[in-house]
Amino acid sequence: MNAHPTFGPATGVGSLPGGDAREAAKTATGSFEDFPFLPELPARGPGADMIGRTAGLLVELYARVEPSGWRLGDRPGRDTRRARSWLREDLDALEEFTQEYEGPLKVQAVGPWTLAAALELRNGESALSDAGACRDLAASLAEGLRLHLAEVRRRIPGARVVLQLDEPSLTAVLRGQVKTASGYRTHRAVDRQVVESTLRDVVGVHADGPVAVHSCAPDVPFALLRRAGVAAVSFDFSLLTERDDEAIGEAVEGGTRLFAGVVPGTDTPLSDPAGSVMGVRTLWRRLGLRPELLAETVTVTPSCGLAGASPAYARQALAHCVQAARSLADNPE
């Protein structure tokens, strides 16, 4: 099994445009022969969006769509069934296009803190407002992920599964910037040690494979994620500032993989592939890191999901990631 690298040189973030599971699986596997991913198609509607899809994985907790968003309830309803049925359809399609595949394969789910910020309790307030609800949610998510990962391994036995937790709200949770239901106040910042230990528990369910955390928000907490046992951090490269240099240098030296989101997520004219990774090379020089570390450390991705892109641009962006990664490997200087 160790003949295969843990990560590939390029992959997608998660979402793609459109609603056809087979078409999406074909794109995700055809674009990335050595690091395919399980696509998400939010255009299909509630339950295919990232919060609804992950709510469908929860064990003994259920959520339904209300006008204000996803709300926890007592029993599985139509929205839960729909989310689970779409996930099965997506897994069927991925299985079809990964026959005989051996190597890294990425699946995505929303992480515990973004989920707690997005899901409402019965009173309409975010689960984030209640420490007990956050604990229950994280435990339910961990159990659901354990079952989901086992299912992926059963269907694609040659795959080395990489679990990506999407945590776009993580920085807002740490800073007390998540708004209450009224919109007039914000929820108190959650203690950093609580955030870290909850993440560590959820990361721990994937004992036989690496976990990446994705956030396309500014100020990704690299050091906290590393302490929580995360093997790779996925981020929008354009949001980095020199303030992040030290944390990134330490992450690279500590063996953390960087999923550098350098290709825009919505339709835009693309530069040449070498131009797309110029910033990565510049960062490397600024940090005084060895150029030959680049290809070993960086996976090239779009800056965020591609759900808002046109199908043609989405395919072009994924191909561009592969070419940009090749440029990094061929000319690290």
Chemist: Side chains of Thr6 and Arg257, heavy atoms from C-beta outward: is any pair under 4.5 Å?
Modeler: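 Not in contact.
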
Chemist: Is Phe237 reachable from Val13 through a run of hydrophobic residues whose side-chain heavy atoms are each under 4.5 Å from the next?
Modeler: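 Different clusters.
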
Chemist: Assigning hydrophobic clusters by single linkage (Ile, Leu, Val, Met, Phe, Trp, Tyr; side-chain heavy-atom cutoff under 4.5 Å), is Trp70 placed with Leu72?
Modeler: yes

Chemist: Any chance you could measure Ser140, atom OG, to Arg135, atom CZ, to the nearest 0.5 Å?
Modeler: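 Going from the OG atom of Ser140 to the CZ atom of Arg135 covers 14.5 Å.
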
Chemist: With a 6.0 Å cut-off (strictly less than), is the heavy-atom count around CZ of Arg155, excluding the residue itself, greater than 12?
Modeler: yes

Chemist: Hey, which of His148, Arg154, Arg153 is the one that makes side chain to side chain donor-acceptor pair (under 3.5 Å) with Glu151?
Modeler: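 Exactly one candidate clears the test, Arg154.
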
Chemist: Is there side-chain contact between Leu306 and Leu16, with at least one heavy-atom pair below 4.5 Å?
Modeler: yes

Chemist: Is Arg286 atom CZ crowded by more than 12 heavy atoms from other residues, nucleotides or ligands, each under 6.0 Å away?
Modeler: yes

Chemist: Thr266 versus Tyr313: any side-chain heavy-atom pair under 4.5 Å?
Modeler: no

Chemist: Do Glu120 and Ser68 have side-chain N/O donor and acceptor atoms under 3.5 Å apart?
Modeler: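 There is such a pair (donor and acceptor under 3.5 Å, judged by atom type) between the side chains of Glu120 and Ser68.
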
Chemist: Counting only heavy atoms not in Glu33 (residues, nucleotides, ligands), do more than 12 fall under 6.0 Å from its CD?
Modeler: no

Chemist: Can a donor-acceptor pair be found, under 3.5 Å and without considering hydrogens, that links the side chain of Thr186 to the backbone of Gly176?
Modeler: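 Looks like yes, one N/O pair under 3.5 Å.
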
Chemist: Answer yes or no: are there more than 12 heavy-atom neighbours, outside Glu96 itself, under 6.0 Å from its atom CD?
Modeler: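 For Glu96, atom CD is crowded (more than 12 foreign heavy atoms under 6.0 Å).
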
Chemist: Please identify each residue that fulfils side chain to side chain contact (heavy atoms under 4.5 Å, CB included) with Thr98, with sequence neighbours left out.
Modeler: Thr29, Leu94, Tyr101, Ile156

Chemist: Pair Leu58, Leu141 - check side chain to side chain contact (heavy atoms under 4.5 Å, CB included), show working.
Modeler: CA-CA 5 Å; Leu58 296 174; Leu141 174 64; 3.9 Å; yes

Chemist: Can you give me the closest heavy-atom contact between Arg64 and Gly73, atom names plus distance?
Modeler: NH1-CA, 3.6 Å

Chemist: Is there a side-chain contact between Glu250 and Arg226 in this structure, where contact means two heavy atoms from C-beta onward sitting under 4.5 Å apart?
Modeler: yes

Chemist: Hey, is the main chain of Gly12 close enough, under 3.5 Å, to the side chain of Lys106 for a donor-acceptor pair?
Modeler: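 Between the backbone of Gly12 and the side chain of Lys106 there is a qualifying donor-acceptor contact (under 3.5 Å).
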
Chemist: With no hydrogens and no angle check, just 3.5 Å: does a side-chain donor-acceptor pair link Ser327 and Arg281?
Modeler: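 Yes, a side-chain donor-acceptor pair sits under 3.5 Å.
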
Chemist: What's the separation between atom CD in Glu66 and atom CG in Asp79, rounded to the nearest 0.5 Å?
Modeler: 9.0 Å

Chemist: For residues Phe235 and Leu258, determine if any side-chain heavy atom of one lies less than 4.5 Å from a side-chain heavy atom of the other.
Modeler: yes

Chemist: Please report the shortest heavy-atom distance between Ala127 and Leu137, naming the atom on each side.
Modeler: CB-CD2, 4.2 Å

Chemist: Group every Ile, Leu, Val, Met, Phe, Trp and Tyr by side-chain heavy-atom contacts under 4.5 Å, then state whether Leu91 and Val59 land in the same group.
Modeler: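 No: no chain of side-chain contacts under 4.5 Å links Leu91 to Val59.
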
Chemist: Can you tell me how far the CG atom of Asp34 sits from the CG atom of Leu105, to the nearest 0.5 Å?
Modeler: 12.0 Å

Chemist: Do Phe37 and Val162 share a hydrophobic cluster (ILVMFWY, side-chain heavy atoms under 4.5 Å, transitive)?
Modeler: no

Chemist: Which atom names give the shortest non-hydrogen contact between Leu174 and Arg192, and what distance separates them?
Modeler: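 Looking at all heavy atoms of both residues, the closest pair is CD2-CG, 3.9 Å.
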
Chemist: Return yes when atom CZ of Arg22 has more than 12 non-hydrogen atoms of other residues, nucleotides or ligands closer than 6.0 Å, and no otherwise.
Modeler: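 Open.
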
Chemist: Which value, rounded to the nearest 0.5 Å, describes the distance between Leu224 atom CG and Glu196 atom CD?
Modeler: 5.0 Å

Chemist: Does the side chain of Glu40 come under 3.5 Å of the side chain of Ser15 through a donor N or O and an acceptor N or O?
Modeler: no

Chemist: Can you tell if the side chain of Val220 reaches within under 4.5 Å of the side chain of Glu167, non-hydrogen atoms only?
Modeler: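 Val220 does not reach Glu167 side chain to side chain.
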
Chemist: Would you sort out whether Thr198 and Val194 count as a side chain to side chain contact (heavy atoms under 4.5 Å, CB included), showing the intermediate values?
Modeler: CA-CA 6 Å; Thr198 301; Val194 173; 4.2 Å; yes

Chemist: Measure the CG-CG distance between Leu199 and Leu225 for me, rounded to the nearest 0.5 Å.
Modeler: 6.5 Å

Chemist: Among Asp49, Asp20, Asp90, which one satisfies salt bridge (Lys or Arg N to Asp or Glu O under 4.0 Å) with Arg44?
Modeler: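 With Arg44 as partner, salt bridge (Lys or Arg N to Asp or Glu O under 4.0 Å) holds for just one option, Asp90.
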
Chemist: Could you go step by step and tell me if Leu289 and Thr297 meet the side chain to side chain contact (heavy atoms under 4.5 Å, CB included) rule?
Modeler: CA-CA 11 Å; Leu289 294 165; Thr297 307; over 6 Å; no

Chemist: Using 0.5 Å steps for rounding, measure from the CG atom of Leu119 to the CG atom of Leu61.
Modeler: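 That separation rounds to 9.0 Å.
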
Chemist: Find out whether Leu170 and Pro221 are in side-chain contact, i.e. whether some heavy atom of one side chain is under 4.5 Å from a heavy atom of the other.
Modeler: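 Touching, per the 4.5 Å side-chain cut-off.
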
Chemist: Same cluster or not: Leu147 versus Val205, using hydrophobic residues (I, L, V, M, F, W, Y) connected whenever any side-chain heavy atoms lie under 4.5 Å apart?
Modeler: no

Chemist: Taking the six-membered ring for Trp, are Phe35 and Phe7 parallel (under 30°), tilted (30 to 60°) or perpendicular (over 60°)?
Modeler: tilted

Chemist: Over all heavy atoms of both residues, which pair between Gly18 and Ala43 is shortest? Give the atoms and the distance, please.
Modeler: O-CB, 3.7 Å

Chemist: Test your reading of the model: is there a side-chain donor-acceptor pair from Gln99 to the backbone of Glu95, 3.5 Å cut-off?
Modeler: yes

Chemist: Would you name the heavy atoms of Ser129 and Ser126 that are closest together and state the gap between them?
Modeler: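 For Ser129 and Ser126, the tightest heavy-atom pair comes out as OG-O, 2.7 Å.
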
Chemist: Hey, are the side chains of Phe259 and His214 touching, using non-hydrogen atoms and a 4.5 Å cut-off?
Modeler: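 No. Closest side-chain heavy atoms not under 4.5 Å.
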
Chemist: Check Thr256 against Ala232 and note the closest heavy-atom contact, atom names and distance.
Modeler: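 Residues Thr256 and Ala232, closest heavy atoms: CG2-CA, 4.0 Å.
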
Chemist: Name the one of Leu328, Val277, Leu294 that satisfies side chain to side chain contact (heavy atoms under 4.5 Å, CB included) with Trp284?
Modeler: Leu294

Chemist: Step by step, work out the side chain to side chain contact (heavy atoms under 4.5 Å, CB included) result for Leu87 and Leu57.
Modeler: CA-CA 9 Å; Leu87 181 58; Leu57 291 174; 3.5 Å; yes

